[in-house]
Amino acid sequence: MSVSMIGSGEVATPVESSKSAMTWGPIFGGAAAAIGVTLILLLLGSGLGLTMVSPWSGQSSSLGTLGVTAAIWLVLVQWLSSALGGYITGRLRTKWAAVHTDEVFFRDTAHGFLSWALATVFVAGFLASSLTSLAGAGAQAVGSAATAAGTAAASSATSPADLSTSYFTDALLRPDQARAAATSNDAAATSEVSRILLNGAAQGQIPDDDKAYLATIVSARTGLSEADARTRVDTVLKRIDDAKVATQKAADEARKAASTTALLGSLSLLIGAFIASAAAAFGGSQRDEEEDLLVARL
């Protein structure tokens, strides 16, 4: 504690309050209000979002529209809940007597920020718990499906090494009279075609000799000419490549959407913290002004 000399032997000693500058009651009250508003608005947004989704073809909004709408709604939820929580925090605190105006402003903004942080941590934990429960349910469903498909998968090669070995074994034992072999044993021909296609998907392309062999099998099974069978093989392989490109494009779009959502979410949280602090300062100033008016009337 510092002292200063005023004059005539007088000593001025600064007054230090015994009360803490932090009041947890308004902080918890504002955080509770923000949490309640957040949950209400999230449920409202979920209900409105379900109206945009339909199992009927052509009656649902696009994934891009749904993503943008959800992001905008989450931003509004963050801002509205932060503003209300911060304002309540500022209005509920008691007046700090004999405190400089700048110090009062700092305390109000700090209280609003702490209220926002407390509400954000709670909501984040709640959402994380909900997503974990949903992920657990999904994992159980996937496990049940995998168990049901285990018998069918046991009869085929499941590992890349087994697939590669089966493919090269077929190539070594591929008969010269492929048409006759394909006609006499349909199951063997179907399995071999499947292994050729799987190996091509793994390698990224199908060799020309495999394409010619596929055309021979297709010609033997369907009665098409060699040229028509080769055309059919090329058409199917092109459809496979188009499906692969479409899958990669969808994955890239999902990556970009996730990145945009993360950046927008972080920016929204920063703005929410600012709104909560400003609202707390505004609420605190109104509370002090109202008390001054009451004192003046007395």
Side-chain angles (χ1 to χ4, degrees), residues 19-50 52 63-96 102-139 254-288:
K19 295 182 179 180
S20 173
M22 183 181 300
T23 307
W24 282 106
I27 293 175
F28 283 113
I35 292 170
V37 172
T38 299
L39 296 180
I40 292 173
L41 293 178
L42 286 178
L43 290 176
L44 178 61
S46 299
L48 295 177
L50 290 176
M52 302 174 63
L63 293 178
T65 302
L66 291 176
V68 172
T69 304
I72 294 176
W73 183 254
L74 290 177
V75 170
L76 292 177
V77 169
Q78 170 66 211
W79 293 358
L80 291 175
S81 61
S82 299
L84 179 62
Y87 181 79
I88 291 179
T89 300
R91 286 301 297 265
L92 291 182
R93 57 89 174 167
T94 57
K95 183 178 181 179
W96 292 299
D102 293 340
E103 179 65 18
V104 172
F105 177 79
F106 172 79
R107 293 184 183 183
D108 281 332
T109 55
H111 278 62
F113 177 80
L114 292 175
S115 175
W116 165 86
L118 186 62
T120 301
V121 170
F122 180 87
V123 173
F126 173 78
L127 293 178
S129 177
S130 300
L131 292 177
T132 301
S133 300
L134 291 176
R255 176 189 61 81
K256 293 179 180 179
S259 175
T260 302
T261 302
L263 294 176
L264 184 62
S266 61
L267 179 61
S268 174
L269 289 176
L270 289 176
I271 298 178
F274 172 79
I275 291 177
S277 301
F282 178 70
S285 64
Q286 282 192 331
R287 183 247 177 267
D288 292 343

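Values in this document were obtained by computation on a predicted structure and should not be read as measured data. All residue numbers refer to positions in the sequence shown, counting from 1.
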Notebook entry, point to check: Please walk me through it: do D288 and R93 pass side chain to side chain contact (heavy atoms under 4.5 Å, CB included)?
Noted result: CA-CA 10 Å; D288 292 343; R93 57 89 174 167; 2.9 Å; yes
What's the separation between atom [atom1] in [X] and atom [atom2] in [Y], rounded to the nearest 0.5 Å?
X: I35; Y: T120; atom1: CD1; atom2: OG1; value: 8.5 Å
X: F28; Y: T23; atom1: CZ; atom2: OG1; value: 12.0 Å
X: S81; Y: L39; atom1: OG; atom2: CG; value: 9.5 Å

Note to self: Working note: L92 + H111, criterion side chain to side chain contact (heavy atoms under 4.5 Å, CB included); need CA distance, chi angles, decisive distance, verdict.
What the structure shows: CA-CA 11 Å; L92 291 182; H111 278 62; over 6 Å; no
To check you understand the geometry: which heavy-atom pair defines the closest contact between [X] and [Y], and what is its length?
X: G85; Y: A34; value: CA-CB, 4.2 Å
X: A83; Y: A279; value: O-CB, 3.3 Å
X: A31; Y: A119; value: O-CB, 3.8 Å
X: R287; Y: R91; value: CG-O, 3.6 Å
X: S115; Y: G30; value: OG-C, 3.2 Å
X: S277; Y: F113; value: OG-CB, 3.6 Å

Is the shortest side-chain heavy-atom distance between [X] and [Y] below 4.5 Å?
X: W116; Y: I275; answer: no
X: L84; Y: L80; answer: no
X: T89; Y: D108; answer: no

Note to self: Given L41, which partner from the list T38, V37, L43 fulfils the side-chain contact (heavy atoms from CB on, under 4.5 Å) test?
What the structure shows: V37
Next item on the list: Kindly say whether W79 contributes a backbone atom to a donor-acceptor pair with the side chain of S82 at under 3.5 angstrom?
Entry: no
